[in-house]
Structures are given as structure tokens and as C-alpha cells.
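When reading the values below, keep in mind they use all heavy atoms of this one structure, side chains included, and skip hydrogens, waters and symmetry mates. All of these numbers come straight from a predicted model, not from anything done at the bench.
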Amino acid sequence: MFDSITPETLRAAGSVKWTAFPDTIGMFVAEMDFGVPPVVSECLRARADSGAMGYLPTHVAEDLREATAEYMASSFGWAVEPSSVYLFPDVLAVLRETLRRLVPEGPIVVPTPAYMPFLTLPAEEGRDLIEVPSRVEGGRWVLDYDGIDRALSGGGLFVLCNPWNPVGRVLERDELTAIEEIVARNGATVFSDEIHAPHVFDGTHIPYASLSDRAARHTITATSTSKGWNTPGLKCAQMIVEGPFREAIAAPAGLVERQINTIGVEAATAVYRDSGDWLQAVKAELDQRRRRVTDVINTIPGLSTVTPEGTYIAWIDASDLADRVESPVRLFRDHGVSLTDGAQCGEGYENHLRLIFGTTGPILEEALARMAAAVAGLD
Ligand SMILES: Cc1ncc(COP(=O)(O)O)c(C=O)c1O
């Protein structure tokens, strides 16, 4: 299905991933090289043909609220009222509005390593950030519950990212329940980013708010089709909230809805309802890639990684190169592979790297060969 994709076709298509650092393989931004499902292209063509480019019609927005609820029920067994779904341009806009309107006080508590904007957005909104470093136990990244408990002791917002960018963990029910206990005990709130839920390989995605009524009432869930179906440029995300948050968000969300792209809304509705066999085909590719990344990275001296259970992101520890390499990200970029600098994912992760493996087998092989050659060239 994806055999015709090459670095040349990708560069010609002109995505940020393939143009920001020319002459390198782009693996620093969470986009996939597999294009979009045919239903998305059909939505764009239909609007282009009709010439109807006006404001977002109410019935189109309502359709997405219903499609989101249907998708959550059929994929994760989570019962959501369509009227609990609010539309935003993107997940970060959901977080921004959460800080402004829903949780205007208290610290923003983020377990690290974290998706980079979670660490910069609080300061932009004049809010205190508390980073809580996580650790590897038995070959898996785990949250530091005591650290999270201490950080939330005066309330505030806990930013949960599950599936977890950048480490690829898919949290289990007992882990989510431990979070729920801590949050409830401290009277805190959860921002649950579940944007990577369509890409789970080991285990099952459990929406945090589906744990219990108590969890649902203290949670703002944010999601989008932008990672699962590769549509971030279409600018349409969903916030799902219950109880008192609905009252607080209704008016501002109404205004924000004016910023959303009608085509993005239609495309999201279409993929939530039926993206054919595209998602399964992509997941089969990613499943091979995640194993291959782990196998090869762990044979490169000085690098190590843990197999991701979800997402298309690998988190690489390059600490053992630290005495020979000033900047691992620069080393690999100079050898033709653009990765994310771990320093952006939290304090203490300077010698780590984030690698996006949402690409074809041959492109991944070339990238890994370049990385191996970069390290071999150090001696
Ligand atoms: C965990 C996570 N949340 C949010 C985003 C950004 O989503 P959006 O473009 O909808 O703001 C990304 C993008 O990579 C992500 O990985």
C-alpha cells in the first residue's frame, strides 16, 4: 500500500518533516510518511468541487460531536454524550483554554520526559510548572506517584499523556487508577491527552475519564485525528468534558469554534466513522518499525531504547555517548538524520533523543544505518 513512497516523493510533497532540515531524513516531528486515508482526500475534493468555503455550518459541527462519541464507544467502550464534545483547532488550543478558563489556579504538573509544548505553554500563560521525572523499572517507563502526589499537594492540573509521547508507554488500568486516587485526594484536575490512542500495539487504550464518574468529573480529555490519521494541518481537535466544566467552557468554546476549518471537521467525522483498512495497514507498518528501531538502536554502542507499546515515537538514551559527544542531536543531524533534542522534553534529558518512526521500512533502514555510521565514526 505504501511502496511508492520515497524520500524524493516526500520532499516534493513539501511537509515540514522533509523540508525543515534539507538533506536529512526528518524524524523530529510527529507526522507519518503514509499520507492520509482516501476518505480524507475525498472530503477535500468534495469541498473544492462544491466551492462552499463558508463558515462552519452547525450541522457539520454536530455531526463531528456524534461521530466522536460513536468512535469512543466503539473503539474504547467509553460512553460520551455528543453534547460533551467541544471542537478546537488543535490539542494545544484545548490545553491553553483549560489553563485560562477551567483550571485558572495552581501549578501545572507534568511528568517527564514530556511532549515539548507541555513544558513551555504554562509559562506562556503565566503559570507555574512542576516537572516530575519518571523512571525506568523492569524495562518500562513508570510514573513517580510520590513525586506527583507532592507536586499536586495544593491542587492544580496534572498533565497526563497516554499513550505517552515520547516514551511510547500505554498505561494500564492500575496505573491510571493510582493517578485517579492522587488527583482526587488533592482536589486536582487532569488534562488527559489521548491523541495517540489509535496507535496502540501492546495492551489496550483506556480513556482516563472512563475509569469512573469521579475521574470523568475531574478530567478534561483532549484528542484529535491528527496523529492517528495524519491530519494535523487540517486543524480540528476535540475536547471532551463532563459536569461543571461544560458550563465553564460552553461560551468560550463557541467562539473558538469559529477558528476551526470546516474541511478538518468533515475529515475528522469521516475517519471516525470509517477510514476503511487504512489505519490497520498503517499500524501493521508501525508495528514492524517499532521492533526494528529497538533491535537496531540497542546494537549501536552508546545508544539504548525500550520498545514502544504505542505511538510512532522512540525515546533513545544516548547518555553513554556523553563523554565523546557534546550534542547527540547535532551529531546525528550532521550525519543526515534529524531527531528531537531530549533537552526539550524535560530537565535532565539532555542526552536523550526522540525519533519518529512513522515511515517506510527502507527509509528507516537508511536512517538507522546513518546513525550507526555516525557513532562508528567517533572512534
Ligand atoms: C502528545 C501530543 N499532544 C498534542 C500534539 C499536538 O497536537 P495538535 O496539533 O492537535 O495540537 C502532539 C503532536 O505531536 C502530541 O504528540
Side-chain angles (χ1 to χ4, degrees), residues 53-69 71-72 78 80-110 115 117-129 152 155-161 183 187-195 207-209 213 215-227 231-269 272:
M53 304 285 167
Y55 294 110
L56 177 63
T58 306
H59 71 93
V60 174
E62 294 306 321
D63 231 18
L64 177 53
R65 286 185 239 284
E66 276 165 28
T68 305
Y71 173 74
M72 294 303 163
W78 181 25
V80 167
E81 288 292 323
S83 57
S84 302
V85 180
Y86 296 86
L87 310 185
F88 283 74
D90 51 39
V91 162
L92 291 177
V94 181
L95 179 56
R96 200 180 285 280
E97 211 60 21
T98 297
L99 301 189
R100 289 184 184 175
R101 317 270 183 179
L102 302 183
V103 189
E105 284 171 8
I108 314 306
V109 176
V110 181
Y115 172 54
F118 292 159
L119 304 173
T120 51
L121 202 132
E124 279 176 33
E125 294 297 320
R127 303 294 293 277
D128 291 337
L129 166 75
L152 288 174
L157 182 71
F158 179 66
V159 178
L160 174 69
C161 183
V183 169
T189 303
V190 172
F191 177 84
S192 186
D193 177 334
E194 303 186 10
I195 198 169
Y208 175 82
D213 284 350
R217 276 195 309 275
H218 68 211
T219 301
I220 294 115
T221 302
T223 195
S224 165
T225 59
S226 68
K227 300 297 127 182
T231 59
L234 295 182
K235 290 292 160 203
C236 178
Q238 299 84 47
M239 169 198 269
I240 303 171
V241 281
E242 297 284 351
F245 291 135
R246 283 179 56 168
E247 231 165 89
I249 202 65
L255 286 177
V256 173
E257 256 177 42
R258 297 177 64 98
Q259 300 168 19
I260 301 166
N261 183 346
T262 301
I263 299 173
V265 176
E266 288 176 333
T269 305
Y272 277 152

* **Given Thr269, Thr68, Thr231, the one that forms side-chain hydrogen bond (donor to acceptor under 3.5 Å, both in side chains) with Thr225** => Thr231

* Do Glu97 and Tyr86 pass the side-chain contact (heavy atoms from CB on, under 4.5 Å) test, and can you show the C-alpha distance, the side-chain angles, and the key distance before you say yes or no? -> CA-CA 12 Å; Glu97 211 60 21; Tyr86 296 86; over 6 Å; no

* Nearest 0.5 Å please: distance from the SG atom of Cys236 over to the CD1 atom of Ile263. => 12.0 Å

* Hey, do the aromatic rings of Phe191 and His218 have their centres closer than 6.0 Å? -> no

* Structure fact -> In short, Tyr55 meets Thr262 closest at the heavy-atom pair C-OG1, 3.9 Å

* To do: Would you sort out whether Gln238 and Tyr71 count as a side-chain hydrogen bond (donor to acceptor under 3.5 Å, both in side chains), showing the intermediate values?
  => CA-CA 12 Å; Gln238 299 84 47; Tyr71 173 74; over 6 Å; no

* Are the side chain of Arg127 and the backbone N or O of Pro107 linked by a donor-acceptor pair below 3.5 Å? -> no

* Provide the closest heavy-atom pair for Tyr272 versus Ala67 in the form atom of the first, atom of the second, distance. => CB-O, 3.9 Å

* Asked: Taking atom OG1 of Thr189 and atom CD1 of Ile108, what is their separation to the nearest 0.5 Å?
  -> 9.5 Å

* **Within 6.0 Å of CD in Glu124, more than 12 heavy atoms from elsewhere** => yes

* Any residue meeting side chain to side chain donor-acceptor pair (under 3.5 Å) with Thr219, in chain and number order, not counting sequence neighbours -> none

Contacts table for residues 247-259: side-chain donor-acceptor under 3.5 angstrom, sequence neighbours left out:
| residue | atom | partner | partner atom | Å |
| --- | --- | --- | --- | --- |
| Glu257 | OE1 | Arg65 | NH2 | 3.2 |
| Glu257 | OE2 | Arg65 | NH1 | 3.0 |
| Glu257 | OE2 | Arg65 | NH2 | 3.4 |

* To do: Locate the shortest heavy-atom distance separating Ser226 from Pro232; write the atom from each residue and the value.
  => O-CD, 3.2 Å

* To do: Check whether any side-chain heavy atom of Phe245 lies under 4.5 Å from a side-chain heavy atom of Ile220, and answer yes or no.
  => yes

* Per the side-chain contact (heavy atoms from CB on, under 4.5 Å) rule, which among Thr98, Thr221, Leu95 passes with Met239? -> Thr98

* Asked: Roughly how far, to the nearest 0.5 Å, is CD of Glu194 from OG1 of Thr223?
  -> 7.0 Å

* **Separation between CZ of Phe118 and CG of Asp193, rounded to the nearest 0.5 Å** => 4.0 Å

* Asked: With side chains defined as the heavy atoms from C-beta onward, is the minimum distance between Pro57 and Val60 less than 4.5 Å?
  -> yes

* Asked: Are side-chain heavy atoms of Arg96 and Leu121 found at a separation under 4.5 Å?
  -> yes

* Can Ile240 and Trp78 be said to form a side-chain contact (heavy atoms from CB on, under 4.5 Å), step by step? -> CA-CA 11 Å; Ile240 303 171; Trp78 181 25; 3.9 Å; yes

* **CZ-OG distance between Phe88 and Ser224, expressed to the nearest 0.5 angstrom** => 12.5 Å

* Rounded to the nearest 0.5 Å, what separation is found between the CD atom of Glu81 and the CE atom of Met72? -> 14.5 Å

* Mind listing the closest non-hydrogen atom pair of Leu234 and Asn261 along with its distance? => O-CB, 3.4 Å

* To do: Kindly indicate, with the supporting measurements, whether the criterion side-chain contact (heavy atoms from CB on, under 4.5 Å) is fulfilled by Leu157 and Leu99.
  => CA-CA 8 Å; Leu157 182 71; Leu99 301 189; 3.6 Å; yes

* Asked: Side chains of Ile260 and Val265: closer than 4.5 Å at any heavy-atom pair?
  -> yes

